[in-house]
Amino acid sequence: MDESKLKRCSTSSTHAEASDEAIDPLQKAYKREFDDWETEVNNRKKQKQAEETTEKKKKCCFGTKDAKGNNEHTIFVTGFDNSGSRDEIRSALAKHFSSCGELTRVFVHIECETGVSRGYAFINLKKRVGIEAALSLNGSDLGGHKLLVTMARLRDEYYAHFNFNGCEICRASYAAGRQRLYRWNLRTGGGKVRRMSPQFQEKARLHYNKAVASRKMAKSKTNEG
């Protein structure tokens, strides 16, 4: 091969390498800028999701600190005026049961979508001696309404919540409730202490069928989309 041609090829190759080296820093700068922008976008998304979760927890009663705490000593209360806000109902019940001893928890179940009380509450007392005093308030008057007061474990609401519009936090709590019911059945030898009423079993069956149908509908819409 002609030496002049080799020199031209060598010179051409050197110019290409120099050109690549000149472009490379610019590409790196663009890449760094793009990475910084992508990181900022992801951080904003995470912040937005965290804020949305916080807002949902504020609206959802299961996002409050009083949501957990039901046990065999928990008191169930219903019959009160449920037109007020969650805090108003909590304050009214706390004042009404204050004579029974120190209260550690007053949980009012609120429907997320409507913000309206479900019409019942769970109360825990610091000392068990106050339980009898609390039960003695069964039939007492609160703001012109007659209260029904009983042990929570004797109520279906203690184990699950039916027919309400909840969020994902509610559904997680419902799943936890089912686990609690399962553990209770194991502890009591298959529910020999107290069997579930036929009404409760029918509610559970309908709720399960409704949940399955809802999931199937959502899945079919996703596949169509």
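Treat the numbers as computed from the prediction; the structure is a model and nothing was measured.
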Taking [X] for its side chain and [Y] for its backbone only, find out whether a donor-acceptor pair lies under 3.5 Å.
| X | Y | answer |
| --- | --- | --- |
| Arg118 | Ile110 | no |
| Ser91 | Glu88 | no |
| His145 | Gly143 | yes |

Which atom pair, heavy atoms only, marks the closest approach of [X] to [Y]?
| X | Y | result |
| --- | --- | --- |
| Leu93 | Ala121 | CD1-CB, 3.6 Å |
| Ser117 | Ile89 | CB-CD1, 3.6 Å |
| Asp66 | Arg90 | OD2-NH2, 3.0 Å |
| Ala134 | Leu125 | CB-CD1, 4.2 Å |
| Leu142 | Ala92 | CD1-O, 4.2 Å |

Phe97/Val106 under side chain to side chain contact (heavy atoms under 4.5 Å, CB included): CA gap, chis, key distance, verdict: CA-CA 10 Å; Phe97 285 88; Val106 179; over 6 Å; no
Residue among Leu103, Leu135, Asn138 satisfying side chain to side chain contact (heavy atoms under 4.5 Å, CB included) with Ile75: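 Result for side chain to side chain contact (heavy atoms under 4.5 Å, CB included) with Ile75: Leu135.
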Pairwise side-chain contact, Leu148 with Thr150, heavy-atom cut-off 4.5 Å (strictly under):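 Yes. Closest side-chain heavy atoms under 4.5 Å.
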Parallel, tilted or perpendicular: rings of His109 and Phe107 (30°, 60°):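 Correct class here is parallel.
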Check: Asp87/Ser85 side-chain N/O donor and acceptor closer than 3.5 Å: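 Checked: Asp87/Ser85 side chains show no N/O donor-acceptor pair below 3.5 Å.
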Interatomic spacing from CD in Glu72 to CG in Leu154 - rounded to 0.5 Å: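 Output value for this atom pair is 11.5 Å.
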Value rounded to 0.5 Å, distance of CZ in Arg155 from CZ in Phe122: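 Here the rounded value is 9.0 Å.
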Qualifying side chain to side chain donor-acceptor pair (under 3.5 Å) pairs, either residue in residues 95-108, two or more places apart: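 Of all non-adjacent pairs touching residues 95-108, those that pass side chain to side chain donor-acceptor pair (under 3.5 Å) are Asn70-Arg105, His96-Ser140, Arg105-Asn124.
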Phe76 ring center within less than 6.0 Å of Tyr120 ring center: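 Yes, they do, as the ring centres are separated by less than 6.0 Å.
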